[in-house]
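Taking it in order: structure first as structure tokens, then the write-up.
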Amino acid sequence: VFVAMTYLIYPIMAFVCLRMAGYAVEAIFFGRKSFQFNTTLGCCVSVAAAVTLCETLKVVFGRTGPETFEGSPSWISNGIYEFLPFHEGVGYGYFPSGHAAVVSAFAGILWQRLPAMRILWLVLMVTMSVGLYAANWHWVSDIIAGLALGLLCAKTTGPLLGWEATPKQAK
């Protein structure tokens with residue numbers, strides 16, 4: 001069940017890509033831009049920034065995880081808990097959590113653009129976080145760092161795209 005909770009990342013990424021493609025077709029061929037287009041663009045920019053920063057930070061920190069996956073060193077299986085900066089080997093890419101970063105980047109944009117549904121965005125982030133921890137995929141600090149990174153990306157995306165503080169359509 002907990003591992004399944006971590007799979008929330010895949011429909012989110014598929015949704016963002018498919019919706020962005022649809023809105024891109026509308027914008028290019030029909031000249032349409034809308035609240036939905038801007039929101040989807042924001043999700044794409046925020047998620048792309050989160051993935052890029054997260055993957056870079058994983059190399060910078062080089063942290064092992066709690067459980068072994070694909071033969072990686074871990075605390076539970078090997079008693080190994082370490083940070084090995086700039087080590088790109090298998091099993092040294094747990095900090096920060098990429099799953100948490102992607103979900104919080106996505107939910108952070110929707111939190112800003114669709115405030116009436118904030119409880120849903122919060123549930124999405126909490127579900128992913130609980131799944132990552134309970135499945136022994138990440139330490140709590142990995143998850144917190146991933147959430148913070150994703151929310152930072154979401155927070156900076158709005159001003160980058162020239163959004164007003166609270167969109168009129170969301171009120």
Side-chain angles (χ1 to χ4, degrees), residues 1-17 20 39-114 117-161 163:
V1 170
F2 296 120
V3 171
M5 292 166 71
T6 66
Y7 294 150
L8 288 170
I9 190 173
Y10 301 113
I12 288 172
M13 292 177 77
F15 170 79
V16 168
C17 291
M20 189 60 203
T39 302
T40 305
L41 177 62
C43 286
C44 289
V45 169
S46 181
V47 168
V51 168
T52 303
L53 290 171
C54 190
E55 291 305 311
T56 302
L57 290 173
K58 285 175 182 283
V59 173
V60 169
F61 287 103
R63 184 184 203 176
T64 58
E67 182 57 279
T68 297
F69 299 100
E70 300 174 6
S72 62
S74 71
W75 174 253
I76 294 172
S77 297
N78 311 102
I80 297 173
Y81 175 82
E82 64 184 351
F83 283 91
L84 198 57
F86 301 102
H87 183 79
E88 294 187 58
V90 173
Y92 288 90
Y94 283 84
F95 183 88
S97 168
H99 283 76
V102 166
V103 168
S104 61
F106 176 77
I109 290 295
L110 297 175
W111 182 281
Q112 295 172 59
R113 303 289 283 178
L114 303 169
M117 299 175 67
R118 283 184 174 168
I119 191 73
L120 178 62
W121 315 136
L122 182 62
V123 167
L124 184 67
M125 289 187 287
V126 169
T127 301
M128 175 63 72
S129 300
V130 168
L132 288 170
Y133 178 75
N136 288 324
W137 283 21
H138 283 286
W139 301 103
V140 172
S141 56
D142 301 344
I143 297 166
I144 292 170
L147 289 170
L149 179 65
L151 291 173
L152 176 69
C153 291
K155 186 68 175 169
T156 57
T157 296
L160 179 71
L161 296 177
W163 293 347

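Across every non-hydrogen atom of Gly158 and Gln112, the tightest pair is CA-OE1, 4.4 Å. The shortest heavy-atom contact between Ala145 and Pro96 is CB-CB, 3.7 Å. Residues Ala50 and Ala101 share a closest heavy-atom pair of CB-O, 3.8 Å.
With sequence neighbours left out, Leu41 forms a side-chain contact (heavy atoms from CB on, under 4.5 Å) with Met20, Phe37, Val45, Leu161.
Side chain of Ser46 to backbone of Ala105: a donor-acceptor contact under 3.5 angstrom is found. Of the possible polar contacts, one joining the Ser104 side chain to the Ala100 backbone as a donor-acceptor pair under 3.5 Å is found.
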Please assess Phe106 against Met125 for the test side-chain contact (heavy atoms from CB on, under 4.5 Å), listing each intermediate value before the final yes or no.
CA-CA 9 Å; Phe106 176 77; Met125 289 187 287; over 6 Å; no
Please test Leu122 against Val126 for side-chain contact (heavy atoms from CB on, under 4.5 Å), starting from the C-alpha separation and ending with a verdict.
CA-CA 6 Å; Leu122 182 62; Val126 169; 4.3 Å; yes
Go through the steps for Ser141 and Arg63 under the test side-chain contact (heavy atoms from CB on, under 4.5 Å), then give the verdict.
CA-CA 11 Å; Ser141 56; Arg63 184 184 203 176; 2.7 Å; yes
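Rounding to the nearest 0.5 angstrom, the gap separating the CG atom in Leu147 from the CG atom in Leu152 is 12.5 Å. Atom OG1 of Thr39 sits about 8.5 Å away from atom CD1 of Ile109, to the nearest 0.5 Å. Atom CG in Leu132 sits 5.0 Å away from atom CD1 in Ile143 (nearest 0.5 Å). Atom CG in Asp142 sits 10.5 Å away from atom CZ in Phe61 (nearest 0.5 Å). Between Leu110 atom CG and Leu120 atom CG the span is 8.5 Å, to the nearest 0.5 Å. The line from CG of Leu57 to CD of Glu55 is 9.5 Å long, rounded to the nearest 0.5 Å.
For the pair Val140 and Ile144, the minimum side-chain heavy-atom distance is below 4.5 Å.
The side-chain hydrogen bond (donor to acceptor under 3.5 Å, both in side chains) analysis of residues 120-133, with sequence neighbours excluded, yields no pairs.
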